[in-house]
Amino acid sequence: MKTRKDNWAVKHNHRVALAVAAVLGTMSVTPQAVADRSSAASQSQEANPVETLSVYGSRMDTQKANAGVAVSTVSLEEIEKRQGSNVTDLIRHLPNVSVLGGGRDAAQSVSIRGLSSDNGRVIQLVDGARQNFSVGHRSSLFIDPELLRSVEVVRGPSSTLWGSGALGGVFAQNTKSASDFLSGTETLGGYVKQGFHSNDNASRTSGAVFGRTETVDWLVQSYYNDSDDNQLGNGKTLSYSAEREKGGFAKLVFTPSLDHQWSFIARQGKRDARVPSNPTAEEPSTSSPLVYRQVEDQSLSLTYNYNPSQSWVDLDTRLYWNDTEVNEHRVDKGEFDNNQMQTLGLALSNRSTFKALTLTTGLDAYQDNFETVRDASRSMFGRPDNQDAEAQSVGLFTQVDVPLGQAWHWQAGVRFDAYDAKDKRPESTIGNHDDTAWSPSTALTWQATEQLALTASYREAFRAPSLEEMYASGTHFPGNQFVPNPDLRPEESANKEFSLNYHFASTRYVDNAFLDIHIFRNDVNDYIDQNINMKRGTTTRENVKDAKLEGVELSLHHQLGGFTNNVSYSQTEGKNKHDGSYLDNIPAHKWVAETDYALATLPVSVGGRVSHYADQDDTNNANSYDGYTLWDLYASYSPNGAWDGVKFYLAIDNLTDEQYTQAWAQTASPGRDIKFNVRYQF
């Protein structure tokens, strides 16, 4: 049965909604960026207005500088050609990056090397600010791809620089600025864009105005998307997968001089959908009733960068605030629930260069406040209790890069985190939780030849238990009660990795080419899992197992003339170290091959991608998941003359209309989707 979204309202406290609306309305725009000082210094300000380059302080640059760390970047060009409906469409092809949750956007999470963002084992950043929202059965991916200029994925433990949660890696999203649209001496512009996606009958509308002067770069952007239910490859409909979403953001970068830069960003989004309370389920049921779900996600951040001519100062300071609120109306019983997570954070980092030595130091501090309301007015058997909890974390880190002679390079770092959590309910007798963690890392690179580099690395990471894991109480389901556990130990991981990077010499067949190989083993101790004891009628989170995740990633990149070719293979295998049983949610082995061609005589580019997912039968039960192959095509065209400023995009996902279900999912994924978009920039 085809379903449409319904308008519905739930009374709740908007807090800063008016402030954000005022910011958007007055075009007080915001960035996350650092100026491209080398470009500004080499040309006069009159000839070249200030350009901005979005980075995450010096930390992401430092992460990339380590040859032993696997980092993938999805560029603006890649984002535009994919024309994704959500951010997961932009990264699912990357080695050992997978999407969990099935065919509904409201269920999806990002998994890196077998560890998922839906339980906080992958850090999610938007413009360098942590996104800490994590509540069971609710996705934390809210940003629309139309707002993004790049996505960067760090594969593997990364707590030395990023702190709690980086067991699997870091998933960083970076929004656009005016300089992504303006070129040369242009100082003012705008665009409107309209798209249509055939699979879910989606209409996707966006627009922006932007400008820059000698000292200011500003942008205001908004979007509105409306879609019906997804159609599967077998001709059936995935019920309750329709959505409506809208939002936007404003960005302002002020660069009074080459040494100083201030950035401000305000972002707000809203998503409405009617889904099972556990949207990974195929249909609503007694245990997963139908709910109207409304998600409001908003964020404010202020960034200051100080980069004088002295090599020992490149300071990035970021103050940010996030507020994610999920309101739910349980349709059958007329009950109203609320989940809200607020994060206030401060991040400082500085990169110093002393001749050949580079030193990165910094501080992270943030506070999470988590509140829930569970309406039990019509529930005979009770509901989970309301929650009111708070967590605080402070971390200090340092990392040094040192050349050792002509052919060797050493990188070492360490981080110390102290964190605590408490249950703020007045009647609560649950104890508080506090702990500390050290996160060391080291890597040694041998530049064997001008073309070949070998790196061996060791990195530790940790994840502090979440507020929901420690303090959930009340009825889980009829006959079963949550038991709080504030004594949970943090999850800890130790990753051993060997990498090889080989750059091919230029020949008549190669303009640019490289081979990148990573072999890793990640041992995760004190893994936190949910233990449902049917005999005792209890559900509690416990440190139940030690796990090992092993895998390999191979990537080959080749460019020749207008052709760009990429091939990758990745696999991860995960087991419980005590009994040898398989871990859940480990992705299937994956092959991806892609080619692009930009025509030299016409403003046209075309490309295609084939992704093969192997069978996944490494499970502990009778279930197994069949492999499948997906074919995707895309093209763009920018006519000149009377059509100057217009650009057409065409993308076809799942060209063969394959009927498939991702490993570990309960619901199938969409069939063929023809996506056509037109953008006019003025």
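Since we're looking at a predicted model, the values are computed, not measured.
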Check step by step if side-chain contact (heavy atoms from CB on, under 4.5 Å) holds for S605 and Y597. CA-CA 6 Å; S605 64; Y597 180 60; over 6 Å; no
Given the rule in the side-chain contact (heavy atoms from CB on, under 4.5 Å) test, do L357 and V400 qualify, once you have shown the distances and angles that lead to the verdict? CA-CA 7 Å; L357 182 149; V400 62; 3.9 Å; yes
Hey, mind stepping through N86 and Q108 against side-chain contact (heavy atoms from CB on, under 4.5 Å) and telling me if it holds? CA-CA 10 Å; N86 52 63; Q108 291 185 348; 3.7 Å; yes
Is there a side-chain hydrogen bond (donor to acceptor under 3.5 Å, both in side chains) between Q124 and Q173? Walk through the geometry before answering. CA-CA 8 Å; Q124 183 186 174; Q173 302 156 89; 2.9 Å; yes
I would like to know whether H197 and S85 meet side-chain hydrogen bond (donor to acceptor under 3.5 Å, both in side chains); could you show each step before the answer? CA-CA 9 Å; H197 294 190; S85 301; 3.2 Å; yes
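Between the side chains of D316 and S349, no donor-acceptor pair is found at a separation under 3.5 Å. Side-chain polar atoms of S352 and N350 form a donor-acceptor pair below 3.5 angstrom. For the residue pair S75 and S150, no side-chain donor N or O sits within less than 3.5 Å of a side-chain acceptor on the partner. Checked by atom type, the side-chain pair E594/Y634 shows a donor-acceptor distance below 3.5 Å. In the model, N305 has no side-chain atom that pairs as donor or acceptor with a side-chain atom of Q261 under 3.5 Å. Between the side chains of E497 and H518, at least one donor N or O sits under 3.5 Å from an acceptor N or O. Side chains of H558 and T564: a donor-acceptor N/O pair is absent below 3.5 angstrom, by distance only. Donor-acceptor pairing under 3.5 Å is lacking for the side chains of R351 and T360.
Side-chain contact between Y625 and D615 is absent, with no heavy atoms from C-beta onward closer than 4.5 Å. At least one side-chain heavy atom of L141 sits under 4.5 Å from a side-chain heavy atom of V110. You'll find the side chain of Y649 stays beyond 4.5 Å of the side chain of Y637, heavy atoms only. Within the 4.5 Å cutoff, side-chain heavy atoms of Y569 are placed close to those of H589. Between K590 and N96, every side-chain heavy-atom pair lies at or beyond the 4.5 Å cut-off. V170 is not listed as a side-chain neighbour of R155, based on a closest heavy-atom distance of 4.5 Å or more. A 4.5 Å side-chain heavy-atom check between D653 and N199 finds every atom pair outside the cut-off. Here the side chains of T619 and Y582 are not in contact, with every heavy-atom distance at 4.5 Å or above.
Judged by a 6.0 Å distance limit and a 45° cone about the ring axis, R121 is positioned over the six-membered ring of Y527. Cation-pi geometry between R113 and F520 is met: under 6.0 angstrom from the ring centre, within 45 degrees of the axis.
Among residues two or more places apart in sequence or in another chain, the ring pair (Phe, Tyr, Trp, His ring centres under 6.0 Å) test is passed with W631 by none. Applying the side-chain hydrogen bond (donor to acceptor under 3.5 Å, both in side chains) rule to T160 yields the partners S441; only residues at least two apart in sequence or on another chain are considered. With sequence neighbours left out, the side-chain hydrogen bond (donor to acceptor under 3.5 Å, both in side chains) criterion links T280 to N278.
Taking a 6.0 Å sphere around CD of E77, one finds it holds 12 or fewer heavy atoms contributed by other residues, nucleotides or ligands.
Residues T445 and T455 share a closest heavy-atom pair of OG1-OG1, 2.8 Å. Closest of all the heavy-atom pairs between V87 and P145 is N-CG, 3.8 Å. Of all the heavy atoms in A665 and T661, the pair that sits closest is O-CG2, 3.5 Å. Summarising the geometry of S111 relative to N585, their closest heavy-atom pair is OG-O, 4.4 Å, with the distance given to 0.1 Å. The two residues N654 and P670 come nearest to each other via the heavy atoms ND2-O, 3.3 Å. The two atoms that bring D127 and R318 nearest to each other are O-NH1, 2.9 Å, heavy atoms only.
In this structure, OG1 in T442 is found 10.5 Å from OH in Y458, a value given to the nearest 0.5 Å. Between the CD atom of E553 and the CG atom of L94 there is a distance of 10.0 Å, given to the nearest 0.5 Å. Expressed to the nearest 0.5 Å, how far NZ of K545 lies from OG of S581 amounts to 6.5 Å.
No option in R672, K675, R82 other than R82 meets the salt bridge (Lys or Arg N to Asp or Glu O under 4.0 Å) test with D632. Here the rule is side-chain contact (heavy atoms from CB on, under 4.5 Å) with K548, and of N525, D523, V524 only D523 fits it.
A parallel orientation is assigned to the rings of Y628 and Y613, their planes being inclined by less than 30° (bins at 30° and 60°).
Aromatic rings of F354 and W312 (six-membered ring for Trp) have centroids beyond the 6.0 Å cut-off, not under it.
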